[in-house]
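Written below as structure tokens is the structure these notes are about.
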Amino acid sequence: MRVLLYVLFAILYLLTTFFGLGPVLFADGSAKERILTLIVVLLVYTAITVWMRSLLKQLGKH
């Protein structure tokens, strides 16, 4: 079960990286727009990490 969880979250991280950091690095928008996008992407990374840690903690209790 843990392996499946790690695989699913690895896919989430890869998708976030591709669709989140791609626009930050390669977009032709203004610097302000790119920084705002970076902040949102970092918040998404944080949310994914917190979610993964809570699920792993719940699995450890069972």
Side-chain angles (χ1 to χ4, degrees):
M1 185 66 178
R2 275 180 154 342
V3 174
L4 179 63
L5 192 65
Y6 282 124
V7 169
L8 289 174
F9 276 94
I11 292 170
L12 276 175
Y13 280 116
L14 288 172
L15 287 171
T16 303
T17 301
F18 183 74
F19 290 110
L21 290 182
V24 170
L25 296 174
F26 302 115
D28 58 349
S30 67
K32 188 176 185 178
E33 181 180 319
R34 291 168 77 170
I35 289 180
L36 180 62
T37 304
L38 178 62
I39 291 169
V40 170
V41 169
L42 291 175
L43 288 172
V44 170
Y45 278 132
T46 303
I48 291 172
T49 303
V50 168
W51 186 30
M52 182 178 73
R53 288 177 54 103
S54 70
L55 286 176
L56 287 172
K57 193 179 288 189
Q58 286 177 0
L59 280 177
K61 290 181 181 179
H62 291 110

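Everything numeric in this text was worked out from a predicted model, so none of it was measured.
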With hydrophobic residues grouped by side-chain heavy-atom distances under 4.5 Å, do L15 and V7 end up in a single group?
yes

Can I35 and I39 be said to form a side-chain contact (heavy atoms from CB on, under 4.5 Å), step by step?
CA-CA 6 Å; I35 289 180; I39 291 169; 4.1 Å; yes

Taking it one step at a time, do R53 and T49 satisfy side-chain contact (heavy atoms from CB on, under 4.5 Å)?
CA-CA 6 Å; R53 288 177 54 103; T49 303; 4.1 Å; yes

Can you find a pair of side-chain heavy atoms, one from L8 and one from L12, that are under 4.5 Å apart?
no

Please enumerate all residues that pass side-chain contact (heavy atoms from CB on, under 4.5 Å) together with Y45, with sequence neighbours excluded.
Y13, T16, T17, L21, V41, L42

Transitively linked via ILVMFWY side-chain contacts under 4.5 Å: F18 with I11?
yes

Heavy-atom closest pair, residues F26 and R34:
N-NH2, 4.4 Å

Starting at CG of L14, measure out to CZ of F19 and round the result to the nearest 0.5 Å.
11.0 Å

Shared hydrophobic cluster for M52 and M1 (ILVMFWY, side-chain gaps under 4.5 Å):
yes

Going through the distances and angles, do V44 and I48 end up as a side-chain contact (heavy atoms from CB on, under 4.5 Å)?
CA-CA 6 Å; V44 170; I48 291 172; 3.9 Å; yes

